[in-house]
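What follows is a single structure, written as structure tokens, with notes after it.
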Amino acid sequence: MTNIAILGFGTVGGGVYEAISRCSKKPLCDVNIKYILDLRTFPEHPLGDRVTSDFDKILSDESVSVVVETMGGTGAAYNFSLAALKAGKSVVTSNKAVVDKFGAELERAAAENSVVYLYEASVGGGIPIIAPLNNCFPVDDIVRVAGILNGTTNYILTHMQSEGKSLEEALKTAQELGYAEADPHADLAGLDAARKIAILAGIAFDKYISYESIPHIEGIENVTSEDIRLAEQLGCVIRLIAVAERVNDKARILVAPHLVGASSLFHAIREAFNAVSVTGSAVGEVVFYGQGAGSLPTAAAVCGDIERAILGKATTVVRKDCEEGFLLSDDGEGRFVTLANGKKYRYFE
Ligand code: HSE
């Protein structure tokens, strides 16, 4: 039996409990959720008696070998993760903000303490993308990683198109379904997608890249129903796409709404689904598709990391720092299409 602790019992933390309690496969069916850290109490919950607000209790319990951080935020979530790693406990997280801001330090701490810091669930919800990117392209140089990486905005764009909903109406439903961030500005303004592409680009290009260094981050706030209708007349949909591409020995990263033609697989990505396209120098294009947000899909990715941590199947890769000048500024290159109302969109292919 492996004892774990879940820090934060919200949408994802609750999903991890659900997923583990339904699981009949080893080693996850042998996982014991010994503690749940939360400021709230859950008296009706089957594990209500395991809820504590005292992190030190978890830290000092040597029988806990894996800590699952699903708290959100970058304060306590970071402090508790670092403390757990230093105490020799592996940490698994869905928290892309912490990975973005403190990933370098936390990965070093994991390596120094012979444990792992894993964050599959931080990008693409339930889609396994980080483990494959780390492990499954042995001979390839990654030339491009591109993705529809934000479920909330994809849900909104889909419903603005199919039902003529306003952005605000569609956002409200996305919030009710548990897709949106606590502050949905991060979704709408492209910041969530930027954090995710920064993580993927970091793995692809072996650097620590923060989303704050991405030169062009544009969200969907200015996409109108008219734009969507005019795009449709051209046989296109509008999707928020994050792209990281290698340009000689440098990289260009951007997040922006794009027109997507019917020849692209991304044209078919609807609702809160995500897709990630990875282009390798040898393998060519490989596309990953699945549920990009939501309680159980995200929990499934967390559970994959718990399993890897238990089985010792993962190693923490300590990347290089991102040197000055590695990221090219957005020079407006690329193919643009002008809609009948005069608005210009990048074209994704
Ligand atoms: N708010 C995020 C999204 C949640 O909509 O994709 C999953 O990271």
Side-chain angles (χ1 to χ4, degrees), residues 8 10-16 18-19 68-74 77 92-101 103 118-131 133 145-160 165 167-203 211 217-221 223 238-242 255-257 266 269-276 288-305:
T11 305
V12 182
V16 172
E18 267 309 311
V68 177
E69 187 274 292
T70 49
M71 301 173 69
T74 53
V92 166
T93 187
S94 59
N95 188 335
K96 59 231 152 196
V98 169
V99 176
D100 179 79
K101 203 165 172 189
L118 302 175
Y119 43 86
E120 181 64 68
S122 67
V123 179
I127 304 173
I129 178 63
I130 289 178
L133 205 49
V145 184
I148 293 176
L149 297 175
N150 182 265
T152 301
T153 47
N154 210 59
Y155 182 91
I156 291 171
L157 292 170
T158 303
H159 285 266
M160 283 173 75
K165 280 193 174 178
L167 188 149
E168 292 73 21
E169 283 169 333
L171 170 63
K172 193 164 172 291
T173 321
Q175 286 175 306
E176 284 161 8
L177 291 167
Y179 301 150
E181 296 300 298
D183 172 10
H185 171 73
D187 296 299
L188 300 179
L191 308 180
D192 177 77
R195 284 196 174 100
K196 292 166 175 168
I197 195 70
I199 293 170
L200 295 182
I203 297 168
Y211 88 100
I217 304 175
E218 185 186 338
I220 66 159
E221 300 104 318
V223 177
I238 298 179
R239 293 289 179 261
L240 185 68
I241 297 182
V255 178
F266 281 12
I269 312 303
R270 296 171 54 78
E271 305 292 334
F273 282 81
N274 282 192
V276 188
F288 300 77
Y289 166 78
Q291 295 193 60
S295 178
L296 269 179
T298 310
V302 171
C303 288
D305 278 346

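Since we're looking at a predicted model, the values are computed, not measured. We count ligands from 1, going down the list as the structure has it; atoms in each ligand are counted the same way. Side chains included, hydrogens not; waters and symmetry mates left out as well; all remaining heavy atoms used.
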Atoms in ligand 1 with a heavy atom of [X] nearer than 4.0 Å:
{"X": "E181", "value": "1 (N), 2 (C), 4 (C)"}
{"X": "D187", "value": "1 (N), 2 (C), 3 (C), 5 (O)"}
{"X": "Y179", "value": "1 (N), 2 (C), 3 (C), 4 (C), 5 (O)"}
{"X": "K196", "value": "2 (C), 3 (C), 6 (O), 7 (C), 8 (O)"}

### Task
Please determine if K172 and E168 form a salt bridge, counting it only when a charged side-chain N lies under 4.0 Å from a carboxylate O.
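No, no charged N to carboxylate O under 4.0 Å.
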Any side-chain heavy-atom pair of [X] and [Y] under 4.5 Å:
{"X": "L149", "Y": "L200", "answer": "yes"}
{"X": "K101", "Y": "R195", "answer": "no"}
{"X": "I217", "Y": "Y211", "answer": "yes"}
{"X": "V99", "Y": "T93", "answer": "yes"}
{"X": "E120", "Y": "V302", "answer": "no"}

### Message
Suppose we measure from atom 6 (O) of ligand 1 to each protein heavy atom; which comes out shortest, and what is that distance?
### Response
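The closest one turns out to be G151 N, 2.7 Å.
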### Task
Distance to 0.1 Å, residue and atom name: give those for the protein heavy atom nearest to atom 5 (O) of ligand 1.
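Ranked first by proximity to atom 5 (O) of ligand 1 is T152 OG1, 2.6 Å.
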### Query
Taking the non-hydrogen atoms of G292, is any one of them nearer than 4.0 angstrom to ligand 1?
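The answer is yes: ligand 1 sits under 4.0 Å from a heavy atom of G292.
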### Task
Start with the C-alpha gap between H159 and E271, add the side-chain angles, then the distance that decides, and say whether side-chain hydrogen bond (donor to acceptor under 3.5 Å, both in side chains) holds.
CA-CA 8 Å; H159 285 266; E271 305 292 334; 2.8 Å; yes
#### Entry: Proximity winner for atom 3 (C) of ligand 1, if only heavy atoms of T298, T11, T153, N150 are counted
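Ranked by closest heavy atom to atom 3 (C) of ligand 1, first place is N150.
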### Query
Any nitrogen or oxygen of K96, main chain or side chain, under 3.5 Å from a nitrogen or oxygen of ligand 1?
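Yes, since at least one N or O of K96 sits under 3.5 Å from an N or O of ligand 1.
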### Query
Given that the side chain starts at C-beta and the backbone is N, CA, C, O, which of these parts of N274 lies under 4.0 Å from ligand 1, counting heavy atoms, or is it both or neither?
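Answer for N274: neither.
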